[in-house]
Structure formats: C-alpha cells, structure tokens
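One structure below.
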Amino acid sequence: MFASVIKEESMAERYKDLVRETRGHYIGPMPVQTFLDDFLPWNPDTPENYKAAEIPASRINMLKSMAGAAEAKSYQKFVDAFSEWPSDAAAIAGADDSYIKCPISFHDTHSKRDPSCGKMGMDITVYDEERADRIPTASDFSKSEGFVELKPKENYDAFIDEPRQSLAAQARANATDPGASAVSEGGDDALVQPSNGTPAPTESEIPTPTPSYPFENASSKGVETRGQLAAYNAVIMGVQYRSHVFSTLVCGTFVRFMRWDRSSAIVTRRFDYTQEPKILFRFYQRLAQLTDRQRGVDPTVTFPTEEEDKTARGKFVDYASELWYGQTESFHNEQGKISELSLLKMTFAGDAYIIPAPVYHEGFLSPFGRSTRRGIVMRVSDNRVLYLKDYWREDSALTLKESEIYERLALHNVENVAEMAAGGDVDGMQTIGHQYAGAPWVYWITPLRIRALHAHRILLLTLGRDLLTFPTAKSLVKCVADGMKGHQMAYEKARILHRDISVGNIMMKIRPTDDSPVAGFLIDWDHCVVLDLIPPGNSHEHRILRTGTWQFISANLAENPRAEHTILDDRESALFVLAYAALRHLEHDLSKTRLDDLLEVFDVYFYQEGQPDEGGTRKQSAILTGAFGKVKFAIPEVSELFQRLSPVFAFRYAEPTAPKPVRPEDSEDEDEELDRQSQEAKYKRGMAKLNRGSWLYTALEAAAGWMPERGRNELDWVDNTLATKVTVKPENKLKRQGDLTTADCNIQLTRVLKKSKGYDGRATQRLTSNVMN
C-alpha cells in the first residue's frame, strides 16, 4: 500500500550493497542444455514440428548484427530479431496452438523506466500478452515475464566460468597489438578483446574472481551488472506473486540464462550467440510453452470481479480511516490512495480473498530471503477484512511452521496474540537452489549454503494498527505491556520464545467503539523457537542464536553475536521499543542534535566482511547511564517510567565488584565490607527481579495507569523525526540459527553509523541481508 522512490544517484551504491548481501547465492556455471532440460522442458502436448521449427536466416542475421552495432542500436536489433517469435514457430506447427501458454513479446524499454519502481528500467522487457491487460510501452516490473540485460562488452559479465590466468597481461597485450588474437589463451571463457587497438579495460574492470565464490566477478563492471540483475529480478518477484523468474544476460557476444528464486540464482555457462544463435531462439520457444507454474507464476492469484473489487475498496477505506493520526495520515494519503490501488484475488485454504497488489518499496531490492509482505485483505465469502502475512519460510529443527505456532498458542490459551483464520504452505511454491548447490559443475571454493524455502501464508482475524501510530502515551505503554504479557504466557504455557520484539511486531487492536479499551497484541512468530524441541544438553549445534530487528535487539546480543538468545534479551528489546517510540513521537526537550545523537543508540553497528554485525556498546551505555530517563518528556510520567526500568536492566551489565584478596597487613575495614555485601545483595535482588516472569509487564501495566487520560480527539503523538537524519541501515534483520557465514577474505573492520529508515507507514523496515535471512 506504500511506495517509495530510490534516488537515482544512490542506485550505484545500492547495487554494491546487493552484491555483498547476495554473495554465495549464485549457482553456476550450469551447462546450457542441462538448464533447458531441467527448467524449460518440452511439455508432452508440444508438437514435434514446433520444437524443430526452422529459425529464419533473417532472424539469425539480425541477431548477429548486434555484435558490430553501437550500443544504442543493439536494443532494437534484438527486438527486431525476436519480433513475433516464437509465434512464427507456432504457425509452422499448425492451427492449434493451445500448447502455447505464454505468447511472449519483446519491447525495447532501455530508456523508458518504470516510475512506480524506483525509476528503474529493464533493457528489453519480455511480456506475456495474455497476462497483461495491456502491453506497456515502458518498463513495467508488475507485468514483466522476464527481461534481457544487454551490456556492450564482455568484461561487464557478472560471472566467471573458469579460473583465468594472466588476464590483465593478456588484455594489455591485445590492446597494444592490433594483430593479436581476439580471444586470449584462456579459451572460450577468456576475455574477448577487440583486435583493433581498442584500449584495454582498466585494472578495476578486468574480470576478477571473488574470494571464496570465484564464479562471481569482483571487478567494478561485474559488480555493477550483478547488482543490477539482483535488483531487477528481486523487484519482479516483489511486485508479483511468483516462485521464480527467468532472465537473460548478454555481454558483448556472450549470453547466459538465469533462473532466480528466493534462495538463489542458477546461472548457465555462457555461449557465443554469433556462433550458436539457435540456442537463444530455442530458449524462448521453450519458455512460451511452459505452464504458469513452470514459469513461476502463482496460479492461486488472479483478478477479482468488478463487484468484488468495488466491495473490497469500500472495506479497505473503512479500515484505513481507523489507522492514521497527524503526520502519519498525511504520509498515508501521499503514498497510496486506496482508490488507486490495483487489486488481486487470492485463493488459499478453501477461501478467496481480495488483496492489494504489491507496491514497490526499497525492501523489494533484495532478491533472496523471506520477502515478507503484509497487508489487509477481504475474505469474499463474508466480506470480512483480515490481515495477511505472506513470506518464504525455512524449515528449522527448533521451531514449527508459523501457522502451527498460532495453533499451539491457541491450544494453550495464550492471551494478547492474534487469532488465526487460516495458514500454511502454498502448494508448489518452494525454492530449488539447494538441490543444485552441490552439482559437479558448480564453481566454488567455499561451499554454497543455499536454504530450502517454502511460500507460507497466515491470515489473521485480529486486526491492528502499527504501534508507532499510537495516539497517547497511555496507549503506547499499555500496548507494550499487553504484548509482553502475551510474550510471557507463550513462554510459560506454550514453551515458545518469540525472539523478535520490535515496533513492527507489537500492534494496537482496532477498537470497535470509542469506549472499547486500548489493547495490544503480539504478532510475527516466524523467528520463535519451541523450547520443547531443543535436544537435552543444548549442544552447540542447537544453541538458540540471536535473531531479531537490529534497532531493538539487546545490548548483549548486539555486542556478542554468538551469545545465546534468552528471554532476558526479549524483555530488554521491549525497553528499546518504548524508548524508540517515545523519542520519535512524544514531546520532549531534546534539540535536533541531541535527538540525533540519542537515536544513534539504536543504529550503530560495526560491519565486518563475512562476519555478523556487532555494536551494542551505545545501548549498554544508555542503560547504565539512564540516558532515556534523563530526557525531559512533556509527560513526566514517561521519564519516570524509564527511570524505573533502566536500573533493573542495568544489573545485566554491572556485576558487583569481587572481594579484594585479604592480606595479613590489611587493616579491617568493616564499612567497606558491609558496602560490598550490600552491593552484592542489591545485585542479586535486581537480577531476581529481572528474571521474574511477571515483572516487566506488571510494571508496564502499572505505568500505563499513571499516564494521563485523553479524550478521543486528544493526541500525545508528534513527529520529532521531521528534523532528524533519515537513512537506512542496509540490513537490520539478523541471522537465524545456522546462518553465520565464514570470512572469505581479510576482515576489514569498518565502523558504520547509519540512521534507520524508521517508520514510514509500514512496520519498521527490516532490509534483509540475504546471506543472513
């Protein structure tokens, strides 16, 4: 329901981020024929004369003419070569073309960017003429069946098929010797260098294997191309409902086919289209006769009737009017008017639902990982509005499917959690990269760790609004209290540890009437662990490692990424949720500079290549010094709450001083010994309080009672962020168990400080670092 635009000048840096995030997720080089047979097989009803249809020489010649054309002309040459293909082949096969499931067309869109997707643009966009209600004249990621990325030279290739020796020396020799061979001694997979004295690529442009993952080209051009490919394929999968997508990369005269899903990209060995042009034509012949499922299109998502569309929009308008206050309402109106949304119809678990079509935001740029989408939907059978969560889950030995978690919570009568209407995996929607990661043709040094993911959907009857739209301080504290009470009951009664307490996962219930009490509830159990599934002894392989949202994880976990994630860490996260919300949206005395500085507590981290992020010293310091309690809030009870909470959490980080060794010559100092004993007793009492299950939520419930009452139209909510710096920490979602990576090159410790995007009308954005989540 919300859109955001990435500034064009920032895309180059974002591509570099994507290259780092996706490292180790490219499987190749797969033999081309194996790729075609495995992923684009001829279907049983496809006639032989279609498979063997002759490719006109005029098409082949047009394709080959790209090799000598200027870049600006190559796009149209490609389109001309494939215009009406493979329809021509179908015509040759006869009148009955029912076996053609995807009548495709090719469009030159290199200069026609998609205004709704960050102004990105594909070079050649491939459309399915039956699925698109109209064929766009520009790049349209929401309707694209795939794309072709054209690069003028071979050294733009994102991948390297084999180790190359003396590449830089060979390139320089070719550049200075007009008579040198056009292909270096490395063979077909070596750098093609023009034999007309064209200057050699600069040192940074020479194809260079990435340490540990040598299939990935680490040169500046290779990084740029791979970042582009990752972004474009990610956006297609983000704004559509699909399991995978096919795309084509052309660099100079070399071609690669790619199959992208949420776990990895499988990439072919390259081939020279001037030598083997028919391969490219056969690829699209095969694509056209694949079913929706084979092409990755989710067949459970179609279009609503006109009446269903109209009814759903009315329901969504009624729901949205309950959600927004102040500046947030203004943002909502600017970002996505319900009247302008495209709606879809999803069939799941025996019911049909009208859902808003996904709208691009920056989180869609990450191709691999969970790709969580959330929003309201309308159930067609009774026109009831529900909450949908759609994402890609991973199997884990320590937890259950999230739908099964909700069933377990209901079975144990856990309060303050959402009620589920339906949930489960989506049939036929799973990733396959893990099946190919160990194939003999895969080029790697460090083994690829590709996860098996399944599309999973949850439909909740309980509706809420995001915590950061709280109207009053009282409602904020009450909702966090309710969420943490549900958290404790889940731990005690259902033996479940949530592990992701954040502003996005504690929600406020929609109140049916003005007199209905304010209430909060806890959602998003996809990172929880079921304690009963942990083997006895809790061996290293089965330790509960940290996860969560970076801004809210405990100081202990931020500073010690391999520490065990315990219930105390989740309770501390609740403190940071309260502080984050209060600093940003309650009136206080901090200047812009001081507010910026204090908000850095949530975002500071150290980036280490190949290692988990660290950075909890600022959080620990804020707790030990009582920094949140020192802020003078306009509502003094808020300051008092932090003054009461922080000292209790401080006991985790301030152990009592050990007694000094006693020496004979030491004089007895009874006062010093009594003071030490007092401090030790105080520490024990503090830790006992911190470990007491009911302590936190009862303290918050009591605090909510102190907060001033407000009328229906009275607000405490303000927007203090308008004057603060707002950027994005590239990955604020942490690794799950087993996702730790090994360093694949020298560790470069860089202190990074970025402000989080924070609240923009959605839950706090958790951009996924895809080697991690």
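Taking the side chain as every heavy atom from C-beta outward, Pro207 and Asn155 approach each other to under 4.5 Å. Between Lys389 and Glu402, the closest side-chain pair of non-hydrogen atoms falls below 4.5 Å. Using a 4.5 Å heavy-atom cutoff, the side chains of Asn217 and Arg226 are in contact.
Salt bridge Arg374/Asp524: present, at least one basic N to carboxylate O contact under 4.0 Å. For Lys401 and Asp395, the salt-bridge test fails: no basic side-chain N is under 4.0 Å from an acidic carboxylate O. No salt bridge links Asp298 with Arg242; every basic N to acidic carboxylate O contact stays at or beyond 4.0 Å. One finds a salt bridge joining Glu154 and Arg270 here, because a Lys/Arg side-chain nitrogen approaches an Asp/Glu carboxylate oxygen to under 4.0 Å. A salt bridge does not link Arg457 to Asp425: none of the charged nitrogens lies less than 4.0 Å from a carboxylate oxygen.
Panel note: side chain Gln289, backbone Pro41; a donor-acceptor pair is recorded below 3.5 Å. At distances below 3.5 Å, not a single donor-acceptor pair connects side-chain atoms of Tyr156 with backbone N or O atoms of Gly252. When atom types are taken as modelled, the side chain of Thr431 and the backbone of Leu453 share a donor-acceptor pair closer than 3.5 angstrom. Put simply, the side chain of Thr22 never gets that close to the backbone of His25: no donor and acceptor are under 3.5 Å apart. Side-chain N or O atoms of Arg451 include none that pairs as donor or acceptor with a backbone N or O of Glu394 at under 3.5 Å. A donor-acceptor pair under 3.5 Å links the side-chain atoms of Asp500 to the main chain of Thr549, judged by distance alone. Arg256 places no side-chain N or O within 3.5 Å of a backbone atom of Ser247 that could act as its donor or acceptor partner. Judged by distance alone, with hydrogens and angles left aside, the side-chain atoms of Asp114 form a donor-acceptor pair with the main-chain N or O of Phe141 at under 3.5 Å. Asn43 places no side-chain N or O within donor-acceptor distance of the main-chain N or O of Asp45, the cut-off being under 3.5 Å. For Ser144 (side chain) and Asp140 (main-chain N/O), no donor-acceptor pair under 3.5 Å exists by modelled atom type.
Under the 30°/60° scheme for interplanar angles, the aromatic rings of Phe215 and Phe159 are found to lie parallel. The aromatic rings of His361 and Phe364 are tilted relative to each other, their planes meeting at an angle between 30° and 60°.
Phe106 pairs with exactly one of Phe147, Tyr127, Tyr284, Trp85 by the ring-ring contact (aromatic ring centres under 6.0 Å, His included) rule, that one being Tyr284. Of the residues Lys16, Arg20, Arg14, the one that meets the side-chain contact (heavy atoms from CB on, under 4.5 Å) test with Leu18 is Arg14. Each of Leu40, Ile279, Val267 was checked for a side-chain contact (heavy atoms from CB on, under 4.5 Å) with Phe257, and the lone residue meeting it is Ile279.
Taken to the nearest 0.5 Å, the CD1 atom of Ile160 stands 7.0 Å off from the OG1 atom of Thr210. In this structure, CD in Gln285 is found 11.0 Å from OG in Ser87, a value given to the nearest 0.5 Å. A distance of 3.5 Å separates CZ of Arg259 from CD1 of Ile432, quoted to the nearest 0.5 Å. Remark: Arg499 CZ to His565 NE2 distance equals 6.5 Å, nearest 0.5 Å. Between the CG atom of Asp37 and the CZ atom of Arg286 there is a distance of 5.0 Å, given to the nearest 0.5 Å. Atom CD1 of Ile405 and atom CE of Met420 lie 10.5 Å apart (nearest 0.5 Å).
When all heavy atoms of Pro29 and Asp161 are compared, the pair lying nearest together is CB-OD1, 3.4 Å. Between Leu460 and Ala418 the shortest heavy-atom distance is CD1-CB, 3.7 Å.
Between the side chains of Gln240 and Ser142, no donor-acceptor pair of N or O atoms lies under 3.5 Å.
Note: Trp392 and His454 fail the aromatic proximity criterion, with ring centroids not under 6.0 Å apart. The six-membered or imidazole ring of Tyr213 lies away from that of Tyr26, with a centre-to-centre distance of 6.0 Å or more. Taking the six-membered ring wherever Trp is involved, the centroid distance between the rings of Trp260 and Tyr232 does not fall below 6.0 Å. Tyr436 and Phe35 have their aromatic ring centers separated by at least 6.0 angstrom. Ring centers of Phe281 and Phe82: under 6.0 Å apart, within the cut-off.
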**Residues Thr248, Glu149; criterion side-chain contact (heavy atoms from CB on, under 4.5 Å); working and verdict** = CA-CA 6 Å; Thr248 302; Glu149 182 64 23; over 6 Å; no

**Message:** Run His498 and His527 through side-chain contact (heavy atoms from CB on, under 4.5 Å) and show every step you take.
**Reply:** CA-CA 7 Å; His498 188 279; His527 283 252; over 6 Å; no

**Asked** Between Ile523 and Tyr387, does a side-chain contact (heavy atoms from CB on, under 4.5 Å) hold up when you go through it step by step?
**Response** CA-CA 11 Å; Ile523 63 169; Tyr387 177 89; 3.9 Å; yes

**Request:** Check step by step if side-chain contact (heavy atoms from CB on, under 4.5 Å) holds for Phe254 and Tyr273.
**Result:** CA-CA 6 Å; Phe254 290 94; Tyr273 70 78; over 6 Å; no

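Summarising the local packing, CG of Asp427 is surrounded by 12 or fewer heavy atoms from other residues, nucleotides or ligands at distances under 6.0 Å. Atom NZ of Lys51 sits in a crowded spot, with more than 12 heavy atoms from other residues, nucleotides or ligands closer than 6.0 Å.
Judged by the 6.0 Å and 45° rule, Arg269 forms no cation-pi pair with Tyr443.
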